[in-house]
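Computation of the quantities below employed the complete heavy-atom set of this structure, encompassing side-chain atoms and omitting hydrogens, waters and symmetry-equivalent molecules. When a ligand or atom number is given, it counts from 1 through the structure's own listing order. Residues: numbered from 1 along the sequence shown.
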Amino acid sequence: MILDIGFDADDTLWHTESLFQETQARLEDILAQYAPREEVEARLHKTELANVRLFGYGIKGFTLSLVETAIEVSNGQVKASEIQELLMMGKAMLDAPIDLMPGVHAVLETLRAEHRLFLITKGDVLDQTNKIDKSGLGLYFDALEVVQEKSVESYADLFEKHSVRAPHFLMIGNSIPSDVLPVLELGGFGVHVPYHITAVFERADNDPAHDRFHRLDALAELPDLVAQLKGARRRAS
Ligand SMILES: [Mg+2]
């Protein structure tokens with residue numbers, strides 16, 4: 001029986017990755033005279049991975065990685081005006097309006113009638129809190145949690161904090177490593193709802209082979225899945 005449901009936020013409740021991709025494309029334009037696009041992309045990803053330990057996830061760290069990549073790829077030749085443009089793009093990303101996925105309000109309204117709902121996101125606390133405010137979705141949730149990493153340990157801490165029993169918990173999100181695997185390991189249900197682009201941190205090579213793993217084409221299908229899982233449980237008992 002599913003009692004509690006956790007939702008990822010970025011690229012699950014609202015679009016985020018498309019903003020990152022647009023900014024990255026502009027970096028590649030600026031650096032086109034120094035290196036091919038694929039090389040710029042690879043260097044940026046390498047820089048982001050190296051920096052995440054220091055900056056955490058989120059737009060501020062991404063913006064600093066853009067600047068670092070621009071300086072390195074251009075061997076220090078990138079213009080101050082171009083650096084300024086990258087910084088402005090980072091600020092514009094932080095300030096961008098929230099673009100909700102289709103059907104989000106209806107899904108949350110339906111499920112909150114019978115379930116505790118948690119919003120569980122990782123990244124920069126200020127940025128994530130601003131997005132939650134701008135989204136207008138905060139009122140649907142019993143708790144809003146911003147964690148540094150979505151790991152077995154951080155989910156276990158949240159379960160303890162909110163008296164969640166893992167076998168009664170379902171997490172839905174666009175990342176298999178962050179939203180699905182740790183929850184399956186703890187004994188909960190993991191639902192993957194893929195986004196058309198996946199950040200380099202959030203890619204997985206294989207689907208988890210697990211009877212508590214599910215995949216949906218869209219968030220709007222979640223209430224039906226939850227109803228099915230409850231039905232299956234009732235028939236089995
Ligand atoms: Mg996400």
Side-chain angles (χ1 to χ4, degrees), residues 4-24 45 48-49 51-52 55-63 65 90 93-94 96-105 107-108 111 117-138 140-141 143-155 158 169-186 188-208 213-222 225:
D4 299 325
I5 302 174
F7 290 82
D8 170 53
D10 291 344
D11 298 322
T12 297
L13 297 179
W14 54 67
H15 299 268
T16 308
E17 189 56 31
S18 37
L19 283 175
F20 284 91
Q21 296 288 327
E22 282 166 29
T23 306
Q24 181 181 316
H45 286 164
E48 279 188 271
L49 282 171
N51 284 345
V52 81
F55 300 149
Y57 296 93
I59 294 169
K60 278 185 273 185
F62 174 71
T63 307
S65 294
M93 287 173 74
L94 287 165
I98 295 290
D99 185 8
L100 293 179
M101 297 290 174
V104 169
H105 283 282
V107 165
L108 297 174
L111 290 173
L117 306 186
F118 299 97
L119 190 150
I120 304 172
T121 180
K122 74 176 177 190
D124 182 70
V125 175
L126 178 64
D127 181 24
Q128 294 304 76
T129 310
N130 280 341
K131 280 192 282 193
I132 295 164
D133 284 349
K134 280 191 282 185
S135 75
L137 299 178
Y140 292 112
F141 292 95
L144 309 167
E145 296 286 353
V146 183
V147 295
Q148 282 306 309
E149 277 290 348
K150 286 175 165 172
S151 59
V152 170
E153 293 72 29
S154 62
Y155 281 104
L158 292 181
F169 180 79
L170 179 152
M171 178 74 194
I172 182 167
N174 69 304
S175 165
I176 289 191
S178 293
D179 303 316
V180 172
L181 294 179
V183 174
L184 290 177
E185 191 172 331
L186 287 165
F189 290 80
V191 180
H192 185 220
V193 54
Y195 191 66
H196 64 96
I197 21 181
T198 307
V200 66
F201 310 109
E202 309 296 359
R203 292 176 192 161
D205 295 333
N206 298 305
D207 278 355
F213 170 67
H214 297 270
R215 172 170 288 125
L216 298 177
D217 290 331
L219 184 75
E221 298 169 5
L222 182 62
L225 174 67

I'd like to know if Asp8 pairs up with Lys122 as an ion pair, taking the criterion as any Lys NZ or Arg NE/NH1/NH2 lying under 4.0 Å from an Asp or Glu carboxylate oxygen. no
The Mg ion (ligand 1) - closest N/O/S atom in Asp8: OD2
Measure the CG-OG1 distance between Leu13 and Thr121 for me, rounded to the nearest 0.5 Å. 9.0 Å
Below 2.8 Å, any N, O or S contact between Thr12 and the Mg ion (ligand 1)? no
Please give me the minimum heavy-atom distance between Leu19 and Ala96, naming the atom from each residue. CD1-CB, 3.9 Å
Shortest-distance N, O or S atom of Asp10 relative to the Mg ion (ligand 1): O
Distance-only side-chain donor-acceptor flag, Glu149 / Tyr57, under 3.5 Å: yes
